Amino acid sequence: MSELTLTVMRLGFLAVLWLFVIVAVQVIRSDLFGTRVTQRAARRGADQNRPPAGAGRPAPDRGRQSGGRGGGRQRRGAPTKLVVSEGTLTGTTVALQGQTISLGRAHDSTIVLDDDYASSRHARIYPDRDGQWIVEDLGSTNGTYLDRTRLTTPTPIPLGAPIRIGKTVIELRK
Amino acid sequence: MSSTVNTGNTTTIGPMGAPSRRNTELALLVFAVLIPVFAYINVGLAKEGTVPAGVLGYTGGLGLLAGIAHVMVRKFAPYADPLMLPVATLLNGLGLVLIWRLDQEPTITTDALGGAMAPGQLMWSTLGVALFLGVLVFLKDHRVLQRYTYISMVVALILLILPMFFPARFGARIWITIPGVGSLQPGEFAKIIIAVFFAGYLMVKRDALALASRRFMGLYLPRGRDLGPILVIWALSLMILIFETDLGTSLLFFGLFVIMLYVATERTSWVVFGLTLSAAGAVTVATFASHVQSRVDNWLNPLSLAENGGVTETAQAMYTFGAGGILGSGLGQGYSRLIGGIAPKSDYILATVGEELGLTGLMAILVLYGLLIERGLRTALAARDPFGKLLAVGLAGAFALQVFVVAGGVTGLIPLTGMTMPFLAQGGSSVIANWALIAILLRISDTARRPAPAPAPSTDAEMTQVVRP
């Protein structure tokens, strides 16, 4: 066998071996960073005319999400996303696209709160007809606070005002 | 499989979780079979100048083994980790090629040394895959093992003690000989069984071990009576060291216990205790046990002359690494036969890797081991039941310790011990036991990654109806 062939094979084998390692690491990577963002509204929004109240099913994961733009329906100055700024879910964001966001410990809430002070169906955040976002306490045990006042009625949310549920703080942001 | 169900106009985020990923596994498996075939052809071209005649048979054999394993995983553990089987197949295939390559050296393939070993190793690998399939088929749920906590303790003790009654080979009593069948190393199987015992035992006792403690100098010291188990295991591993003259097995068992104790209780003090105890034990034994002393001497002064006036094997292994350099001499073009005996096929197979594939290849092999261990630990993280978590940590930890002990010994980091490199080195018990270990890990990961059953659709989920007084 010529020296050249052997050298090519020697280096080729090392390259192939490392290629396997790299491919394997890629497989691990897709396992590690796997979150799926499903945007039904963006895909099917046009032909969906039912009231925007479908409750989101669980699951802010480790908080990786594309801040979905809500299309042309958003008013200027209207919030586009809901951000959890304190508590165990810090960093989670949910795009506001006209849907009702339910908050609580119940596993089917949009944001599942892992908070000792939260009730299972604690509060909900929804837009009224004008697109103003409203927070409503759903008869929770420990109450929902907007800034420092405990909510008794559905209340409009100013941009950036902290909504407190137990140790969790949620804000609406642009 | 996402845990989310969309009900209309929402954006949901869910862990992408694990779709079954069997196709990824298949692609990697094909790759993992082709690499050893490449190596095989490479050795043939380098040694004889022709493509070896057995290449089709070898490809077919390895491919068939991998294929059957894949089909069975698809059927019996569809959500299992996609990486473990390909990596294990690749390591086993490379091991076969390396052993076959060393068989081509007439000086170390004499009848006195047992002749060619690749055919035997192929048979053991087949048996190993068979056991792998057996575990996958018959172990439907790893939690069944929990029932056998104390039985497995007894079995592991018997397996560990048994070799004392058989004659020592190569300076260590770790073999048992069954007349007419051959010999096997029960320690390899004991490491799996004892991981089952530790997992079951620590799952029940961990609160007692973790919570009942006093704080002293920043460390949580366990109560005296809770020290019992660790002292018993320590004494046992010292006895292995003294009576079976095997540093590796002793280190493996004590290390495994400390790892699992730490994982179960989250107390750093156990690690400190473990390291102190093992250091004290090793130093004490080294003062009076001559075989340990000679190993330590070889490690400290590798370049001094061996008892027979020649070069020590430790030094020879270092020379092979030096000869290999960064890129290696090429498969089939090294001189690791000079180590002599069957050592290059078993304990020193990493030296062959280091010489012929160089630092680059050796690192790739070590990274592959690392990936396998990482997948084991990730399985532990993903597992939902505490027993499965501990068992996965234990098995991955045993594997990691074994790799560390062998690789550390060959590269001169720690004194050399008589253990085999999992999958790579010649040795039937090791290959069979490690395939079983991989099978149990796959079973745990299948349970861990299986998507939770979809919640029953409830009317509540559609619109929140609030009824207030």
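Chain A is the first sequence line, chain B the second, and so forth, proteins listed ahead of strands; every chain is numbered from 1. These numbers were taken from a predicted model, which means no experiment stands behind them.
Interface residues of residues 14-24 of chain A toward chain B, defined by a heavy-atom distance below 4.5 Å and sorted by number: A:Leu14, A:Val16, A:Leu17, A:Trp18, A:Leu19, A:Phe20, A:Val21, A:Val23, A:Ala24.
Between B:Asn42 and A:Phe13 the shortest heavy-atom distance is ND2-CB, 4.2 Å.
The environment of B:Leu381 atom CG is dense: over 12 non-hydrogen atoms of other residues, nucleotides or ligands sit within 6.0 angstrom. Within 6.0 Å of CZ on B:Phe38 lie more than 12 heavy atoms contributed by other residues, nucleotides or ligands.
Under the 4.5 Å side-chain criterion, counting only non-hydrogen atoms from C-beta, B:Ile41 is in contact with A:Met9.
Both the backbone and the side chain of B:Leu327 have a heavy atom closer than 4.5 Å to some heavy atom of chain A. Both the backbone and the side chain of B:Ala32 come within contact range of chain A, each with at least one heavy atom under 4.5 Å from a heavy atom of that chain. If you measure heavy-atom distances from B:Leu357 to chain A, the contacts under 4.5 Å come from both the backbone and the side chain. For B:Glu48, no part sits under 4.5 Å from any heavy atom of chain A, backbone or side chain. Heavy atoms closer than 4.5 Å to chain A are found in the side chain of B:Thr24, but not in its backbone.
Of the listed residues (B:Ala39, B:Ala364, B:Gly330), the one with the most heavy-atom contacts under 4.5 Å to chain A is B:Ala364. Ranked by heavy-atom pairs under 4.5 Å with chain A, the first of B:Leu28, B:Leu34, B:Val367 is B:Leu28.
Under the side-chain contact (heavy atoms from CB on, under 4.5 Å) criterion, B:Phe321 pairs with B:Leu362, B:Val410, B:Thr411, not counting sequence neighbours.
Within the 3.5 Å criterion, the main-chain N or O of B:Gly328 finds a donor-acceptor partner in the side chain of A:Arg10.
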Pair A:Ile28-B:Arg378, side-chain contact (heavy atoms from CB on, under 4.5 Å): steps then yes or no
CA-CA 10 Å; A:Ile28 291 184; B:Arg378 181 140 287 273; 5.6 Å; no

